[in-house]
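See below for the structure under consideration.
Naming: A, B, ... by sequence-line order, numbering from 1 per chain.
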Number of protein chains: 2
Amino acid sequence: MDFKKDDSAGYLINHMARLFARELQHQIAPLGIVVGQFPILLELWLKDGVTQKDLLGKIDVEQATLANTLNRMERDGLIKRTKNPADARAQLIWLTERARALREGAYESAQKVNTEALQVLNESERTQFINSMRLVINSMRSD
Amino acid sequence: MDFKKDDSAGYLINHMARLFARELQHQIAPLGIVVGQFPILLELWLKDGVTQKDLLGKIDVEQATLANTLNRMERDGLIKRTKNPADARAQLIWLTERARALREGAYESAQKVNTEALQVLNESERTQFINSMRLVINSMRSD
DNA sequence: TATTATTGCATAGCATGCTATTCAAGTGAT
DNA sequence: ATCACTTGAATAGCATGCTATGCAATAATA
């Protein structure tokens, strides 16, 4: 068999993901946040005061990964945790004022990266591209 | 501004990349290799007896990342290094017999992951998808 | 040729992801 | 009420990626 990396979806996806992460990293560095915190912040900006388990249901990472990232976010003053009156095992996770204030800038950074990266595609290619990713992700998740 | 993660190229790409990596990891685990070694093995299966710098020219990762992965590959008996008669700073990197023997199985594993993951797209969507990724990568790399 | 600059790699330190394991708190069945 | 089961989260240990820095060998230049 022969194998061409430039024809391999997996190879291309990995490469593209690293390029996106680097770009976003550079964009959001001035805000004092890092890429791994982004998905968590997105959820908390929509709704905070939630448990780790709640977050886990919305972000497709392992529980240990989430727990570690939350620890770093607490260390960095982005979240704080309070007792959960309903269950002593879980805590409630809240954004700090600082994190709350970062929202607009973060949205704009992400939007900028997305827009610039997909500039090379035309409108219909962009739509198709996003749709294909959604399809692939859904099919892979439900295996 | 509002921001929908399911419409965000970056978010989708990151998610998809993790799904692919997990899948490939499971496929190649029986071979005794891990995903980060894959791009390097692909190059070395084409041509070994090369320097780290040669490899670096073919794989878009940082030099330190490559150096670390090569160390683990040496530890795992996948490569060995010999003196470079032309330059004492560099060494030549060679596949071991064990690594050489893994090629077909690895190609097949990767092919399988790609095929199954893109099953959800039809022929023309697949082609378009791969092409879009190539365009996006090329434009992001040359910034 | 002696000095300076560049180059090839290695290493330190960190973030993000994973699997596996542990532990305390809650739930259920007897 | 007790004992077993489940669940929410933390932790250990590792791979993969990054930036920054250091170092020895080579190349270039004064």
Side-chain angles (χ1 to χ4, degrees), chain A residues 10-11 13-29 32-41 50-57 59-76 78-79 81-93, chain B residues 10-11 13-29 32-41 50-57 59-76 78-79 81-93:
Chain A
Y11 200 103
I13 287 162
N14 172 270
H15 192 174
M16 191 170 54
R18 284 184 291 111
L19 290 169
F20 262 83
R22 274 187 236 177
E23 206 55 56
L24 183 61
Q25 186 61 84
H26 290 146
Q27 287 291 323
I28 63 179
I33 57 178
V34 287
V35 293
Q37 301 170 344
F38 213 96
I40 300 174
L41 286 169
V50 297
T51 65
Q52 194 182 111
K53 195 202 170 186
D54 292 333
L55 278 179
L56 203 52
I59 303 177
D60 193 15
V61 295
E62 293 303 314
Q63 177 265 325
T65 299
L66 178 56
N68 282 326
T69 303
L70 287 171
N71 280 340
R72 288 189 296 271
M73 291 175 76
E74 189 167 36
R75 179 201 63 190
D76 297 348
L78 293 166
I79 58 165
R81 299 190 245 206
T82 62
K83 284 204 162 147
N84 182 356
D87 187 334
R89 291 169 303 182
Q91 287 174 280
L92 299 181
I93 299 163
Chain B
Y11 200 103
I13 287 163
N14 171 271
H15 193 175
M16 191 170 55
R18 284 183 292 111
L19 290 168
F20 262 84
R22 274 187 236 179
E23 206 54 56
L24 184 60
Q25 187 60 83
H26 289 145
Q27 286 292 322
I28 63 179
I33 56 178
V34 286
V35 292
Q37 301 169 344
F38 213 96
I40 300 174
L41 286 170
V50 297
T51 65
Q52 195 183 110
K53 194 201 168 183
D54 292 332
L55 278 179
L56 204 52
I59 303 177
D60 192 15
V61 294
E62 294 303 314
Q63 176 267 324
T65 300
L66 179 56
N68 282 326
T69 305
L70 287 171
N71 281 340
R72 288 190 296 273
M73 291 175 76
E74 188 166 36
R75 178 202 63 190
D76 296 349
L78 292 167
I79 58 165
R81 298 190 244 206
T82 62
K83 284 204 164 148
N84 182 356
D87 187 335
R89 291 169 303 181
Q91 286 175 283
L92 299 180
I93 299 162

Mapping A:Asp54 and A:His26 to their closest nucleotides on DNA chain D, which lands nearer the 5' end?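 It is A:Asp54, whose closest nucleotide lies nearer the 5' terminus.
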
Starting from the 5' end of DNA chain D, give me the residue, A:Thr51 or B:Gln37, whose nearest nucleotide shows up first.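 Counting from the 5' end, the first nearest nucleotide belongs to A:Thr51.
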
For atom [atom1] of [X] and atom [atom2] of [N], their distance in whole Å:
{"X": "A:Met73", "N": "C:dG17", "atom1": "CE", "atom2": "P", "result": "12 Å"}
{"X": "A:Leu66", "N": "C:dG17", "atom1": "CG", "atom2": "C1'", "result": "12 Å"}
{"X": "B:Asn68", "N": "C:dA15", "atom1": "CG", "atom2": "C1'", "result": "14 Å"}
{"X": "B:Glu74", "N": "C:dA10", "atom1": "CD", "atom2": "P", "result": "9 Å"}
{"X": "A:Arg75", "N": "C:dA15", "atom1": "CZ", "atom2": "C1'", "result": "9 Å"}
{"X": "B:Leu41", "N": "D:dA15", "atom1": "CG", "atom2": "C1'", "result": "15 Å"}
{"X": "B:Asn84", "N": "C:dC9", "atom1": "CG", "atom2": "C1'", "result": "13 Å"}
{"X": "B:Leu55", "N": "C:dG8", "atom1": "CG", "atom2": "P", "result": "13 Å"}

Set out, in order, the CA-CA distance, both residues' side-chain angles and the distance that settles side chain to side chain contact (heavy atoms under 4.5 Å, CB included) for A:Arg81 and A:Leu70, then state yes or no. CA-CA 10 Å; A:Arg81 299 190 245 206; A:Leu70 287 171; 4.0 Å; yes

With side chain to side chain contact (heavy atoms under 4.5 Å, CB included) as the test, would you mind laying out the steps for A:Ile40 and A:Ile93 before giving the verdict? CA-CA 11 Å; A:Ile40 300 174; A:Ile93 299 163; over 6 Å; no

Within the structure shown, what part of the strands sits under 4.0 Å from [X] by heavy-atom distance: base, sugar-phosphate, or nothing?
{"X": "B:Ala64", "answer": "base"}
{"X": "A:Gln91", "answer": "sugar-phosphate"}
{"X": "A:Arg72", "answer": "base"}
{"X": "A:Gln52", "answer": "sugar-phosphate"}

Output, in order, the C-alpha distance, side-chain angles, deciding distance and verdict of side chain to side chain contact (heavy atoms under 4.5 Å, CB included) for B:Thr69 and B:Val61. CA-CA 11 Å; B:Thr69 305; B:Val61 294; over 6 Å; no

Within the pair [X] and [N], is there a side-chain N or O less than 4.0 Å away from OP1 or OP2?
{"X": "A:Arg89", "N": "C:dT27", "value": "no"}
{"X": "B:Arg22", "N": "C:dG17", "value": "no"}
{"X": "A:Arg81", "N": "D:dA10", "value": "yes"}
{"X": "A:Thr65", "N": "C:dT16", "value": "no"}

With a 3.5 Å cut-off and heavy atoms only, can you find an N or O donor on one side and an acceptor on the other between the side chain of B:Gln63 and the base of C:dA10?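 For B:Gln63, whose side chain was compared with the base of C:dA10, there is a donor-acceptor pair (under 3.5 Å).
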
Nearest 0.5 Å, please: how far is CE in B:Met16 from CE in A:Met16?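 Between A:Met16 CE and B:Met16 CE, I get 5.0 Å after rounding to 0.5 Å.
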
By nearest atom, which of the nucleotides C:dG8, D:dA9, D:dG17 is closest to the A:Arg18 side chain?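 Of the candidates, D:dG17 comes closest.
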
Counting heavy atoms from C-beta on, name the nucleotide in C:dG8, D:dG8, D:dT16 closest to the side chain of B:Val34.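 Closest nucleotide to the B:Val34 side chain: D:dT16.
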
Within the 4.5 Å heavy-atom criterion, are B:Gln52 and B:Leu55 side-chain neighbours or not?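 No. Closest side-chain heavy atoms not under 4.5 Å.
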
Do B:Asp87 and B:Thr51 have side chains that get closer than 4.5 Å, going by heavy atoms?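 B:Asp87 does not reach B:Thr51 side chain to side chain.
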
